[in-house]
Amino acid sequence: MSERPLKGITVLDFSTRLPGPLASLMLAQAGARVIKVERPAEGDEVRAFAPRLNGMSAHFAWLNRGKESLALDLKRPQDVAVLRSLLKDTDVLIEQFRPGVMARLGLGYADLARDHPRLVYCSITGFGQADPRSMEAAHDLNYQAASGLVGDMPLLANGMPALPSVLLGDIAGGSYPAFMSILLALMQRASSGRGQHVDIAMSQNVEVFAFWNAIEGSLTGRWPTPGKGRHTGGSPRYQLYRTRDGQFLAVAALEDRFWRNFLDAVGLDVTAEQERETPEAVVAAVAERLASQDAEYWLRIMAGRDTCCNLASRLDQAVRANARRRHRAGDPLPSIPLPLAPQFTTEEADQKAPELGSANQRLLVGAD
C-alpha cells in the first residue's frame, strides 16, 4: 500500500460530538496523527452515549479510531503550558467552541499565529464567527431550519413538515467542509509558508443544498410550496411510489431519455402536455400502475434499462447490503458497518478509539 498522503501532519483536535471528530477522523485515515484534547474525568460527551461496543460507546469508537487522547483542563495554567509546548509540532488545530471561548483561554488564532505562523486553525461553529446568531445554542435541525430546508419539506398528513432523517448540518455543513478546507489550507501553506484561520459555519454550508429551488425562486419570484418543488414532490419524474408489497421505489428519471425508458418499462403513455398541465394526475397514474405489482417484479422489468429507479431500502437493509458489497470487494466486514471516505487503510490499529487520557503520560513527559 502506498504511503498515506497526510503522513507527518499532526492535528490537535479540541472538538466533541460529531462535526469536528468526523473531520479529524478523515484526516487520521489519510495518515495524520490526531491528538484528541479532552476534559479530564468525563472527556467527550459522546463517550457516554449508548449503545456500547466492548465497553465503549459505539458512536465514540467509530468516530475516534486511530486517534490519541490527551486529557487537559484548559482553565489550569499548567495544562495550557503543556498545550503550548505541543503546539510547536502541530500543523492543524480544530476547535468547535462558541466564538470567543478559545481567545479567552489565550488559545485563539490571533494568539497562536504569532508564535506558530504555519498553524492551520479550523473553527467549526453553527453560524460562523461574525454572524449575529453566532452565540445562539443550536443543533443540526436548527441549521437545516435556518436554511429553509425544513420548511420546504413535503407536509405529512397532520400538516407538519417531516423531520429530516439525516444530520446534514453536522456532516455536510461541518465535517466535510472542514476536512476539505484544512486540506486546501495545507496545500496553500506548502507554497506560502503560512497557515490561516478556517471559519466553518454549518448553517451557511447547508444553504447550498436548497440551490435549485432558491435560484428558481430568487430569479422568477415563483417559490415552490412545500412538497411541490422539482425535487420535493412536484414532478412525477422525481417521486417515491409504493408497490403492491408495501415497499417503495425511488424514481429520479428527470431527463427525457430516462423518463421515456421508465414509462416504456412500466407500460404507460404520458405526453409532455399531460405532464405539464396535470402533473398530479400523472403522479396518480404512475402510482396506480406501480401498486399493481411487487417491488421485485418492477426491479426485474427495469434491470439494465437506464430508468433511474431503485428500491428505497430501509436503513438496516442498506447498511447490511453496502457492508456486504464492500466485503466482496476485498474489505473486511467492520464491527460497525458504516461507510467513510476517504479510507486509505483498514489496518486493525486504525479501528481502535483511545481511552480517555491514554496518551497523557507519554505526551506530558515529552512536553516537559
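- Y297 and L263 fall within the same hydrophobic cluster, where Ile, Leu, Val, Met, Phe, Trp and Tyr residues are linked whenever their side-chain heavy atoms come under 4.5 Å apart, directly or through other members.
- Note that the OG1 atom of T125 and the CZ atom of F97 stand 13.0 Å from one another [nearest 0.5 Å].
- Annotation: side chain of M302 is in contact with side chain of L249 (closest heavy-atom distance under 4.5 Å).
- A donor-acceptor contact shorter than 3.5 Å links the side chain of S57 to the backbone of F49.
- For the atom pair CG (N213) and NZ (K228), the distance works out to 13.5 Å, reported to the nearest 0.5 Å.
- Panel note: side chain D152, backbone G148; no donor-acceptor pair is recorded below 3.5 Å.
- In this structure, I9 and L27 have side chains that are not in contact, with every pair of non-hydrogen atoms separated by 4.5 Å or more.
- Classification of the Y109-H197 ring pair by plane angle, with boundaries at 30° and 60°, yields parallel.
- Taking hydrophobic clusters as Ile, Leu, Val, Met, Phe, Trp and Tyr residues chained together by side-chain heavy-atom distances below 4.5 Å, L156 does not share a cluster with L240.
- Within the model, atoms CG of L167 and NE2 of H139 stand 11.0 Å from one another, a figure rounded to the nearest 0.5 Å.
- Under a 3.5 Å cut-off, the side chain of Q317 and the backbone N or O of R314 do form a donor-acceptor pair.
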Q.
Walk me through whether E136 and S203 qualify under side-chain contact (heavy atoms from CB on, under 4.5 Å).
A. CA-CA 12 Å; E136 293 180 9; S203 62; over 6 Å; no
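- Looking only at distances, no side-chain donor or acceptor of Q239 sits under 3.5 Å from a matching main-chain atom of Y241.
- Contact detail for V198 and A185: the closest heavy-atom pair is CG2-CB, 4.2 Å.
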Q | Step-by-step side-chain contact (heavy atoms from CB on, under 4.5 Å) determination, L107 to L112 | A | CA-CA 6 Å; L107 298 171; L112 300 185; 4.1 Å; yes
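- No side-chain heavy atom of F179 sits under 4.5 Å from any side-chain heavy atom of C122.
- More than 12 heavy atoms of other residues, nucleotides or ligands sit less than 6.0 Å from atom CZ of R133.
- A salt bridge between R260 and D264 is absent, with no side-chain N of the basic residue lying under 4.0 Å from a carboxylate O of the acidic one.
- Expressed to the nearest 0.5 Å, how far CG of L168 lies from CG of N205 amounts to 10.0 Å.
- A210 approaches L149 most closely through the heavy-atom pair CB-CD2, 3.6 Å.
- The neighbour count for D316 CG, taken as heavy atoms of other residues, nucleotides or ligands under 6.0 Å away, is above 12.
- Note on L18 and I182: same hydrophobic cluster, where clusters join Ile, Leu, Val, Met, Phe, Trp and Tyr whose side-chain heavy atoms are under 4.5 Å apart, directly or indirectly.
- For R257, there are no salt bridge (charged side-chain N to carboxylate O under 4.0 Å, His left out) partners, not counting sequence neighbours.
- Proximity of a side-chain donor or acceptor of D44 to a complementary backbone N or O of E38 within less than 3.5 Å is not detected.
- Put simply, CG on N64 and NZ on K352 are 15.5 Å apart, with the number rounded to the nearest 0.5 Å.
- The two residues F258 and C308 make their nearest non-hydrogen contact at CD1-SG, 3.5 Å.
- The existence of a salt bridge linking R230 and E216 is excluded, since no basic side-chain nitrogen approaches an acidic carboxylate oxygen closer than 4.0 Å.
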Q: Kindly determine whether L119 and T90 satisfy side-chain contact (heavy atoms from CB on, under 4.5 Å), including the steps that lead there.
A: CA-CA 7 Å; L119 180 66; T90 297; 3.9 Å; yes
Q) Could you go step by step and tell me if F14 and S24 meet the side-chain contact (heavy atoms from CB on, under 4.5 Å) rule? A) CA-CA 10 Å; F14 293 80; S24 66; over 6 Å; no
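- Nearest approach of C309 to V251, heavy atoms of both residues: SG-CG2, 4.0 Å.
- A donor-acceptor pair is defined here as one N or O able to donate and one able to accept, closer than 3.5 Å; such a pair exists between the side chain of K67 and the backbone of P21.
- A distance-only check finds no donor-acceptor pair linking the side chain of S15 to the backbone of I94 [under 3.5 Å].
- Heavy atoms only, all atoms of each residue included: L105 and V80 are closest at O-CG1, 4.5 Å.
- The same ILVMFWY cluster, assembled from side-chain heavy atoms under 4.5 Å apart, contains both Y143 and M180.
- Here the side chains of W259 and E275 are in contact, with some heavy-atom distance below 4.5 Å.
- In this structure a side-chain-to-backbone donor-acceptor pair under 3.5 Å is present from Q96 to G20.
- Under the 3.5 Å distance criterion, the side-chain polar atoms of S181 are left unmatched by any main-chain donor or acceptor of A178.
- Using a 4.5 Å cut-off on side-chain heavy atoms (C-beta onward), L87 and L93 make contact.
- You'll find the side chain of P177 stays beyond 4.5 Å of the side chain of Q204, heavy atoms only.
- In this structure, R189 contributes its side chain and G193 its backbone to no donor-acceptor pair below 3.5 Å.
- A donor atom on one side chain and an acceptor atom on the other are not found under 3.5 Å apart for S147 and E207.
- Using a 4.5 Å cut-off on side-chain heavy atoms (C-beta onward), L12 and L83 make contact.
- Between D170 and R17, none of the side-chain N atoms (NZ, or NE/NH1/NH2) sits under 4.0 Å from a carboxylate O, so this pair counts as no salt bridge.
- Remark: F60 CZ to E45 CD distance equals 10.5 Å, nearest 0.5 Å.
- Linking Ile, Leu, Val, Met, Phe, Trp and Tyr residues whenever their side-chain heavy atoms come within less than 4.5 Å places Y176 and L6 in a single cluster.
- Salt bridge D256/R237: present, at least one basic N to carboxylate O contact under 4.0 Å.
- T278 has its side chain out of reach of E273: every pair of non-hydrogen atoms, C-beta onward, lies at least 4.5 Å apart.
- W212 CH2: 12 or fewer foreign heavy atoms inside a 6.0 Å radius.
- Looking at every heavy atom in both residues, T243 comes nearest to F248 through OG1-N, 4.5 Å.
- Heavy-atom neighbours of E296 CD from other residues, nucleotides or ligands within 6.0 Å: at or below the threshold of 12.
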